[in-house]
Amino acid sequence: MLIAWFILITAGFFSTSLGFVGVEDRFVIGISLILIGFAKSALLMWEFMEVRNAPAIIKGIGCAWIVLTATLLSILFSYPDLGH
């Protein structure tokens with residue numbers, strides 16, 4: 001569990017520092033934040049909600065939700081006319 005906390009904290013610092021390290025491309029920052037956020041949610045789901053010990057159908061639904069939602073948000077973010 002300590003390793004999971006370390007990974008979550010490191011990912012949080014990394015996502016916060018994206019704007020400070022010289023990355024100026026809005027698309028790269030946005031997609032990176034989406035992917036980091038969903039990687040963190042997958043880790044939370046597997047470690048702290050204990051889905052790793054759940055039946056296979058629940059594992060599949062959880063993984064499908066993460067992949068589908070991250071993909072849809074990335075596609076929506078990539079359209080330049082949305083949100084402007």
Side-chain angles (χ1 to χ4, degrees):
M1 183 146 330
L2 184 63
I3 294 171
W5 276 110
F6 178 74
I7 292 170
L8 289 170
I9 291 169
T10 304
F13 282 128
F14 180 73
S15 62
T16 303
S17 68
L18 277 175
F20 297 111
V21 295
V23 179
E24 295 181 10
D25 189 7
R26 180 182 170 271
F27 179 77
V28 171
I29 291 175
I31 296 297
S32 297
L33 290 176
I34 290 171
L35 293 178
I36 291 169
F38 279 96
K40 287 171 65 173
S41 67
L43 182 63
L44 286 169
M45 180 179 72
W46 285 97
E47 291 298 319
F48 298 105
M49 295 173 67
E50 303 207 12
V51 172
R52 68 178 177 271
N53 298 326
I57 187 74
I58 294 176
K59 290 179 187 179
I61 290 171
C63 289
W65 175 82
I66 287 174
V67 169
L68 180 67
T69 309
T71 303
L72 289 175
L73 281 175
S74 297
I75 290 170
L76 287 173
F77 185 78
S78 66
Y79 283 107
D81 294 335
L82 295 176
H84 293 274

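Just the heavy atoms: all of them, side chains too, but no hydrogens, waters or symmetry mates, feed the values below. Note that the structure is predicted; figures quoted are calculated from it, not measured.
The neighbour count for Leu68 CG, taken as heavy atoms of other residues, nucleotides or ligands under 6.0 Å away, is above 12.
In the hydrophobic cluster analysis, where Ile, Leu, Val, Met, Phe, Trp and Tyr join through side-chain heavy atoms closer than 4.5 angstrom, Ile3 is grouped together with Leu43.
Closest approach of Trp46 to Cys63, counting heavy atoms only: CZ2-SG, 3.5 Å. Across Ile34 and Ser74, no two heavy atoms sit closer than the pair CG2-OG, 3.7 Å. Contact record, Ile75 with Ser78: O-OG, 2.7 Å, taken as the closest heavy-atom pair.
In this structure, the side chain to side chain contact (heavy atoms under 4.5 Å, CB included) partners of Phe48, at least two apart in sequence or on a different chain, are Met1, Ala4, Trp5, Leu8, Leu44. Partners of Ile66 by side chain to side chain contact (heavy atoms under 4.5 Å, CB included), not counting sequence neighbours, listed by chain and number: Phe38, Ser41, Ala42, Met45.
A side chain to side chain contact (heavy atoms under 4.5 Å, CB included) with Thr71 is found for exactly one of Val67, Thr69, Leu73, namely Val67.
With values rounded to the nearest 0.5 angstrom, Asn53 atom CG is found 7.0 Å from Lys59 atom NZ.
Within the structure, the salt bridge (charged side-chain N to carboxylate O under 4.0 Å, His left out) test picks out the following pairs touching residues 30-51 (sequence neighbours left out): Glu47-Arg52.
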